[in-house]
Amino acid sequence: MASLTHSTPHRMRRAQPMKLLTSGAGIVFVLYVLLYAIYASLQPSALSSSTFTNLVNNSVPLAIAAAGETLVVLSRGFDLSVAGVISLTNVLMAVYPQEGPFGALVSLAICLAVGGIVGAVNGWLVAILRLQAIAATLATMIVCQGLALVILDAPGGMVADWVSYELTDRLFGVLPISGLFVLAVVLAWLVFKRTNLGLGLYAVGADEQAASLSGISVIKVRFAAFVGAGMIYGLAGFMLSAQTATGNPNSGTPFLMLAFAAVALGGTSLSGGRGGLIGSILGAATLMLLQKVLFSGGVSSFYTGIFQGVVLVLAIVFGSAFARLTGRRTTA
Amino acid sequence: MQEPVSGPAVPVGAGEVALSIEAIRKAYGATVAVEKAAMTLMAGEVHALLGENGAGKSTLVKILSGVVRPDAGGMVLKGRPYAPTSISAARAEGVATAFQELSLLPNLSVAENLLLPRLPKGVAGMTSAAGTWQAGAEILARYGLDHIDPGAALESLPLADRQRVEIVRAFVNARHVLVLDEPTAALADTQWLFDHVRAATAKGMAVLYISHRLSEVRALCSRATVLRNGRSIATVELSAATDGDIFEMMVGRRGHAARRAATSTAATLNAPVVLSVSGMAGDTLKDVSFELRKGEILGIAALEGQGQRELFRTLAGLRQPASGTISVDGVAQALRGPSHALRVGGGIAYLPEERKTEGILSGLSAASNIVLPILPSVSKAGLVSGRNERAASEEHAQRVEMSQRYLSFPIGDLSGGNQQKALLARVMATGAQTLLLFDPTRGVDVGTKQSIYAAISNFAEQGGSVLFYSSELPEIVQLAHRCMVLYGGRIFSEFTGEDIDEQALVAALIGHGGAERRASAGVH
C-alpha cells in the first residue's frame, strides 16, 4: 500500500496507518466510501453489480485522463492538451470504426499513438524549447480541437459495436471491464514509479535545480512525462468512445477542468513533487460519484458544479489542516 | 576565533597533479564572472579557494562540476583533457561537488538522495526499496552517520544533517577531485568533516575547499588560491602567509578610494536620530541595535546571508521582528508594510535587492516606474496623462543623472544601470527622509555607480538619511560616514569615518578582530 503515501517506496517497511490517512489519496478514499454510503442509503440499488458497473463506466474516462495529467503535474507542469487529445481520439473512433476484437486493438493503438505524438510535441515545446507549459499545451489543445472539428464537424458517427458493447460489460458478471483498464494504468504506474525515471518525476517536480545537480536529466524526465500523459489521454479518449458509442468534436472539453480538479482532490500538489496517480483516480471517481449522489438526492444537475467545487476546496483544506495536526510538513 | 599558529598537519600525497585549470573565462552577458582563472590541485592536498563575494568562486565551482561550460580556457584531469558537459559527466570522471546551496531533494528519502540518479535494481529492473535502503545505510555507516535514518524524508532532517548528506554524496561520487563549497555553513562541529577530508586525501584525493572561515582553512588546507574580480591572483603556501597578506590579496592594493563622505562625518555625529533600532531579533538576526542620524550615510558590510536581508526587509515593514523595537523620529513603530513604512515619521523607502522581480515593472515606461509612488499628485481627476507623468519624472531623473531620453522607453528595454537609476529615482520621489538601499550598485557599470554615489551623497547632504548594504567594500569605504559589519546576525563591529578601511573590513567580515572594536564602538 506504499502507493497510497506520496512518495517513497521504503515506507512499505513499516506501515503507518496515520500517514496513509493523512496522505491525499487516503483522505479522498475515505471521502469516496462516505459518499458511497450516502448513495446506498438514497438508492438501495447502489450496491448492485449493474449500478456499480454503470458508475465505474461513467468514471473511467475522467479517472484515466486525471491519471495522465498527474504525470505532468508531478513534474511541476500543466497540460491542457488533455481536452484536445480526448476530442481527437473520440472522433477518430467514431469516424473510422474498426470492428471486432482485433479492430479494437487497432483502434487502441491509434489512440495511444495519437496521444503519444501530441505528448511528444508538448514535450518538445516545454522540455526542449523551454516554452511555458500552460501556453504550449494550450496551443496543442487548440490544434487538436481544430483537427477534431475537421474530421467530424458535428456530433455523430458510430463507434464500433464490439468496443461499445464489450468494454462496458462485466467480466464473470461482476467485474466492470472498463475498471480493468484503470487497473492496468495503476499497475503500469506502480512499475514506472520504481524506475529511475519515475523517481526523477518527483525530483524534478520538487526542485528542478537540485534535481539537475543530482545528476537527473530534467529534459528527459519532462519529455517522458508529457509523452506518457499524452498516451494515457489517448486511452481516456478510447474509453470515452466505448462509453458514449458516438463521436463529438467537443467531447474532451469537460475533461479539462475536471481532470485538474481530480488531481487536486487526490492530494497531488499542483506545484509539483508530491502526490500520486492513484489519488487522482480516486479523486475522479469521487467527483463522478458526487454527481450520482446529488442526482439520487433529487438535487438539480445545475447544482453539480457548485458541489464539486466546494468538495474540492474542503478536501484540500481538510487535508492540509490534518497534515498540520499530525506534524507532517505540507507542500511547499 | 582562535587560529592555529602552525600550518596544517595534512600529509601531502604523491605530489602528482590531479587537476589543473588554465585561463578559464566565463561571462554572463556583459558581466565577466571569471577571467584568466588558473589553479593546480595536487593529489592528496586540500587546496583552499579564497575570495570576496563576487570574486568568481561559485562560477569556478560550477565550471569544475560540469554545471556551467567555460567560454575559454581548458582543464586537465589526471593528464587528460577535462571538459564535463553535465554534472553526471563530471562525476563519471571522478569529480564531485558538495554545493553551498544544497542540491538535495526535500521530498525524497535520504537514501534516494544519496544514490540519485540511479537506484539499485531489484525484480524486473524495478528499483528496489530494500536495496536502496540498504545501500543508503551502508554509505551513512561508512561516514559515521548512523544516527540518520536512510528511509527518512530529507526534509525531516535538521539543516546540519542535510548538509552532511550533501557532503557525503560528494564523497561517494568523487574519485579524483572533491569540491566542498562552504561545507561548514550549517555545521557546528567541523571535526567530522575534517576527519573524512583527511582520510580521503590520505588516499590521494584532491580537495578544493571553499570557506570564508580562515581558521578552518588554516587548520585543513596546505595551499590557497586567491581569486579577485574573477582572476586568480596568487597561490600561496598557507604556512608562509599571514592573515594580513591574505586579506590584502583578496581586496587588492587598490589605492584608497577618495572618501567624499569624510568631511561631513563629524557633522552627522551629533545630528538628531531619525531611525533607532534596539534589540531587534528574529530568524537570523540577534540583538541588533543601532541608530541612524539625520544626514548620515550608514553602510552595512557583510558576507552573504549574515542577516542583512532580514534587517532590511524588517525595516521596510516586509517582515515582523520576533523582538526589539524600531523607532522612527523618536516614536516606536510597528511597521506593517512598505506603504506604512513610507508614512511613519519622515518616511522610510526601500530599494529592494532583486531589480527584476521586486523592482521594475518591465512593461511600463521608465517615467511611469519613477512616478509610481506619487501618482496621486501627478494625476488629474484620477487620470494620469503621459505628459504629466513625464514632466513629473524629469526632476527625479535629474537627481540620479538619468538621461531624459530614456524616460519614455519601456524600462525592461533599458540597461541594468539605467533601470537601477530609475529605481533610485523612484525611492527618492517618494519624499521619504530615510532610504534603505540594498546593494544599490549591484551589476551596474562603473559610470552608473558614480552617478548613484553622487545621488546618495547629495541626498544625505540635503538632510536625508541612508542605510545601505553593499557587497562591494570599496563602495562602503567611499560612501559611508559610518559602517557596521554584520556577522552571524549580529553587529560584529563598527567603524567610523577614517577608520573605514578595506582590510579591516575584510577581517571583520569573516569574524576576525571584532572584539575590541565592538567594545570601543560602544555597541552593546
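Every chain is numbered from 1, with letters handed out A, B, ... down the list of sequences.
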TODO: Establish, from distance only, whether the side-chain atoms of Glu166(B) and Ser103(B) form a donor-acceptor pair under 3.5 Å.
DONE: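 Yes, because at least one side-chain N or O of Glu166(B) sits under 3.5 Å from a partner of the opposite role on Ser103(B).
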TODO: May I ask you to check whether Ser81(A) and Asn122(A) show a side-chain donor-acceptor distance below 3.5 Å?
DONE: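 Side-chain D/A pair, Ser81(A) to Asn122(A): present.
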Task: Salt bridge present between Glu112(B) and Arg169(B) (N-O < 4.0 angstrom) - done: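 No, Glu112(B) and Arg169(B) are not salt-bridged.
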Open item on the list: Please confirm whether the ring centroid of Tyr209(B) lies under 6.0 Å from the ring centroid of His47(B).
Closed with: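 Aromatic pair excluded; centres sit 6.0 Å or further apart.
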- [ ] Could you have a look at Ala203(A), Gly200(A), Gly198(A) and say which one has the most heavy-atom pairs with chain B under 4.5 angstrom?
- [x]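 Top option by heavy-atom pairs under 4.5 Å: Ala203(A).
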Open item on the list: Please classify the contact of Thr195(A) with chain B as side chain, backbone, both or neither, using a heavy-atom distance under 4.5 Å.
Closed with: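 For Thr195(A), the contact with chain B is made by the backbone alone.
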TODO: Under 4.5 Å heavy-atom distance to chain B, tell me which part of Ser212(A) shows up: side chain, backbone, both or neither.
DONE: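 When you check distances to chain B, only backbone atoms of Ser212(A) fall under 4.5 Å.
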TODO: With a 4.5 Å cut-off on heavy-atom pairs, point out which of Leu119(B), Asn113(B), Leu105(B) contacts chain A the most.
DONE: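 Option with the greatest count: Leu105(B).
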- [ ] Below 4.5 Å from any heavy atom of chain A, which atoms of Leu104(B) appear? Answer side chain, backbone, both or neither.
- [x]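 The answer is the backbone of Leu104(B).
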Task: Contacting moiety of Arg118(B), where chain A heavy atoms sit under 4.5 Å - done: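 Contact with chain A: backbone and side chain both.
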Open item on the list: Would the distance check show the side chain of Arg274(A) and the main-chain N or O of Thr268(A) forming a donor-acceptor pair, the cut-off being under 3.5 Å?
Closed with: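 No, because the side chain of Arg274(A) does not come within donor-acceptor range (under 3.5 Å) of the backbone of Thr268(A).
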